[in-house]
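Atoms within each ligand, like the ligands themselves, are counted from 1 in listed order. Numbering starts at 1 and runs along the sequence shown.
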Amino acid sequence: MCGIVGFTGPQSAAPILLQGLKALEYRGYDSAGVAVMDGGSIRLEKVSGRIANLCEKTRDGQAVPGCTGIGHTRWATHGAPTDINAHPHLSNDGRFAVVHNGIIENFASLRDELTQKGYSFVSETDTEVVVHLIEMYYRGNLKTAVMKTVSRLEGSYALGIVCTDYPDTLFAVRQASPLILGIGAGENFFASDVTALVAHTKNCIYLDDGELAELSPESVKVYDCAGQEIKKSVNRITWDLEAAEKGGYEHFMLKEIMEQPAAVKSALTPRIKNGEIVLDDFDPDGSLLRGVSRIVITACGSAYYAGCAGRYAIERLSRIPVTTVLASELRYDDPIIDDGTLLIVLSQSGETADTIAAMKECKRRGASTLAIVNVVGSTIAKMADHTLYTYAGPEIAVATTKGYTTQLAVLFLFALYAARKLGRIEDAQYRALLRQLKELPKKIQQAIDMAHSTEKLAQKVHKAPSLFFIGRNTDYAVALEGALKMKEISYVHAESYAAGELKHGTIALIVEGQPVIAVCCNEKLSEKTMSNIIEVKARGAKVLSVAVQGNRQIFSVADDVVCIPPTEQLFTPLLAVIPMQLLAYYTAKANGRDIDKPRNLAKSVTVE
Ligand code: AGP
């Protein structure tokens with residue numbers, strides 16, 4: 001996710017663009033830039049790092065003259081966060097500049113075509129194909145050139161465009177990425193969301209997919225995908241700036257929980273083409289996988305628990321032995337790692353010190369490394385032999401949600417991919433599982449909708465001195481993450497136990513009224529887990545169970561039930577975790593906690 005802004009009017013554009021980018025910084029912050037019309041040419045200023053670097057370089061925009069311009073703050077998806085890869089991108093003839101939020105899925109073929117036609121590329125980004133296409137199609141009418149360009153694009157894009165032949169005009173196009181026009185008096189704006197507009201105007205127009213806008217200081221025109229001018233209603237922004245950053249949600253964590261269907265879709269869609277899984281450049285012919293004798297998954301915290309949940313699918317489908325090891329343990333162990341080991345490293349930030357250290361040790365012992373990370377160009381991404389980005393977009397809340405579920409989605413992709421490459425799955429089963437995988441974003445939304453009772457259920461547990469989370473097999477992996485979410489944001493002590501372990505000691509802790517959260521979504525083991533629920537209830541426990549829709553027996557066993565939609569059993573952790581996230585969120589809210597910034601915690605633990 002990135003942030004784009006545009007301004008045209010009587011004032012100097014650069015300071016306004018920078019102010020807008022600061023408001024959008026939560027959308028992406030690994031590089032930033034502006035392009036401003038300056039006496040017949042385009043002045044381009046862009047730097048890697050935070051927007052503060054750009055402000056320093058341009059003296060808060062004072063050093064960049066001109067009254068019409070575009071700006072961009074980047075969350076890298078294609079190409080590391082460097083000055084060259086930062087937006088805006090210029091055409092070869094210097095006549096056009098473009099900013100982009102989204103992913104151009106067919107950029108590789110377009111890049112080849114444009115290169116063959118003599119256009120030269122300077123960056124690694126998908127975006128750069130857009131500005132060269134505009135140059136290629138331009139015959140004096142920019143609207144026509146932009147329409148021809150976007151007709152060639154596949155994927156998602158919110159585009160901002162300036163051209164030296166149109167010195168006071170901005171063009172903006174929306175397709176599956178948000179884009180809003182700000183309507184001022186003698187000045188007009190566009191932005192990725194209202195946060196960049198509210199300081200200047202509360203009158204806005206929300207563009208819809210396929211629409212193109214042409215903005216000058218005195219005029220705003222919107223065209224449909226056929227180029228016909230259309231009338232759009234002007235809306236009044238009611239949010240204040242801070243609320244707008246959270247998209248109207250009270251906390252970033254809740255916003256990010258709700259973003260999970262889209263985030264998981266971003267992780268899956270670019271990697272499923274014509275019924276086959278393509279894991280970017282990882283092992284296209286399966287030769288690496290054929291040499292793998294074991295897989296070790298290492299990470300910390302929730303990333304480790306994502307590994308615990310994904311392990312089952314990888315082992316069950318690929319038949320390669322998989323172990324999960326905490327990175328903080330692995331780094332000091334004397335692990336049996338060699339060139340037959342594939343180390344899978346999970347990390348949202350890509351900067352976790354323990355994970356980096358464990359990865360270094362395993363590389364030293366000969367392991368091949370596959371990183372599954374969210375932050376493009378992060379240390380772990382750069383260190384790994386192969387990297388699969390999760391495309392979750394910036395995750396602001398310290399407690400990870402979409403970071404976890406997108407890691408899990410990529411692990412499921414990997415499991416199916418490995419089984420296919422190693423010839424360990426029948427074609428029919430492969431296609432059935434792929435269909436189930438593609439259904440997951442929709443089912444996550446259903447799980448969110450089905451978990452509305454968690455707000456009320458949180459009232460039953462938020463004052464408890466401690467909580468038990470229990471489950472078996474894949475459900476146990478979910479219980480691990482559920483307990484961590486609960487602890488780190490609500491400060492209620494919680495422990496997860498393999499349900500089969502209760503009778504080996506921990507059931508001694510069950511007293512009258514003890515709340516127990518039982519994850520009972522593994523169909524093969526649900527009878528066993530329901531027996532465990534009966535055992536703890538017999539000793540006074542109050543049980544909230546997460547179960548698969550259609551399991552009627554659970555309602556006679558547990559005190560409260562939150563259901564998830566049915567899916568392939570191996571994939572249930574991706575859905576069962578949703579009620580866990582929401583239960584933790586509402587419990588923390590009931591306890592008045594600082595949900596996005598819990599005490600003692602950091603978003604990325606870059607020290608030992
Ligand atoms: C999860 O909610 C926590 N913030 C923490 O456990 C986190 O998962 C862990 O520190 C690993 O971070 P990483 O994914 O950035 O490596």
Side-chain angles (χ1 to χ4, degrees), residues 30 75 251-257 259-260 263 267 297-310 324-331 343-360 369-384 387-411 469 477-492 494 496 573 577-578 580-585 587-588 593-608:
D30 57 37
W75 179 262
H251 299 101
F252 276 112
M253 183 179 175
L254 188 58
K255 174 173 176 279
E256 287 152 12
I257 288 171
E259 283 176 344
Q260 291 181 116
I297 298 177
T298 196
C300 296
S302 290
Y304 170 71
Y305 296 142
C308 294
T324 50
V325 186
L326 281 167
S328 54
E329 290 292 305
L330 180 59
R331 65 180 293 188
L343 182 79
I344 297 181
V345 183
L346 298 169
S347 177
Q348 190 287 130
S349 65
E351 301 299 342
T352 300
D354 284 325
T355 309
I356 291 168
M359 188 175 173
K360 278 179 183 164
T369 54
L370 169 63
I372 297 176
V373 299
N374 193 31
V375 178
V376 173
S378 55
T379 303
I380 289 173
K382 286 180 194 157
M383 278 172 58
T387 296
L388 294 173
Y389 288 116
T390 53
Y391 299 136
E395 190 176 60
I396 309 300
V398 164
T400 185
T401 48
K402 63 179 184 174
Y404 170 95
T405 45
T406 50
Q407 284 166 8
L408 201 43
V410 175
L411 285 171
F469 286 74
V478 176
L480 289 165
E481 172 60 6
L484 176 60
K485 284 277 109 28
M486 183 62 76
K487 284 180 279 192
E488 67 175 328
I489 62 169
S490 76
Y491 310 158
V492 174
S496 53
V577 76
I578 301 298
M580 298 286 102
Q581 294 169 344
L582 288 166
L583 182 67
Y585 174 79
T587 304
R593 305 303 186 202
D594 182 356
I595 291 173
D596 285 335
K597 296 184 179 62
R599 67 188 180 203
N600 311 335
L601 295 180
K603 181 59 186 169
S604 176
V605 184
T606 56
V607 294
E608 189 171 344

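- Residue, atom and distance of the protein heavy atom nearest to atom 15 (O) of ligand 1 are Ser349 OG, 2.7 Å.
- Below 3.5 Å of separation, one finds an N or O of Val398 facing an N or O of ligand 1.
- Checked against a 3.5 angstrom limit, the closest N/O atoms of Gln348 and ligand 1 fall inside it.
- Residue Ala399 has at least one heavy-atom neighbour below 4.0 Å for each of these atoms of ligand 1: 2 (O).
- Close approach of ligand 1 to Ala303 is summarised as follows: ligand atoms under 4.0 Å from at least one heavy atom of the residue are 8 (O), 14 (O).
- Formation of a donor-acceptor pair under 3.5 Å by the Asn374 side chain with backbone atoms of Pro394 is not found in this model.
- In this structure the side chain of Asp594 never reaches within 4.5 angstrom of the side chain of Arg599, judged on heavy atoms.
- Residues Ser490 and Thr587 bring no donor and acceptor atom of their side chains to less than 3.5 Å of each other.
- Among Ser302, Ala353, Ala327, the residue whose heavy atom lies nearest to atom 7 (C) of ligand 1 is Ser302.
- An N or O contact shorter than 3.5 Å links Thr352 to ligand 1 by distance.
- Taking Lys597 as the reference, nothing meets the salt bridge (charged side-chain N to carboxylate O under 4.0 Å, His left out) condition, with sequence neighbours excluded.
- Between the side chain of Thr387 and the backbone N or O of Ala381, at least one donor-acceptor pair lies under 3.5 Å.
- Side chain of Lys402 to backbone of Glu256: no donor-acceptor contact under 3.5 angstrom is found.
- In this structure, Ser604 falls outside the shell of residues with a heavy atom less than 4.0 angstrom from ligand 1.
- Gln260 places a side-chain N or O within 3.5 Å of a backbone atom of Ile257 that can act as its donor or acceptor partner.
- Given atom 10 (O) of ligand 1, the protein heavy atom at minimum distance is Val605 CG2, 4.0 Å.
- Here Glu488 has side-chain heavy atoms under 4.0 Å from ligand 1, and that is the only part of it that gets that close.
- Using modelled atom types, one side-chain atom of Glu395 and one backbone atom of Thr401 make a donor-acceptor pair closer than 3.5 Å.
- Using a non-hydrogen distance threshold of 4.0 Å, Lys485 registers as a contact of ligand 1.
- Looking at residues two or more places apart in sequence or on another chain, you find a side chain to side chain contact (heavy atoms under 4.5 Å, CB included) between Thr379 and Glu351, Ile356, Met383.
- Of all protein heavy atoms, the one lying nearest to atom 11 (C) of ligand 1 is Cys300 O, 3.4 Å.
- Heavy atoms from both the backbone and the side chain of Thr400 come within less than 4.0 Å of ligand 1.
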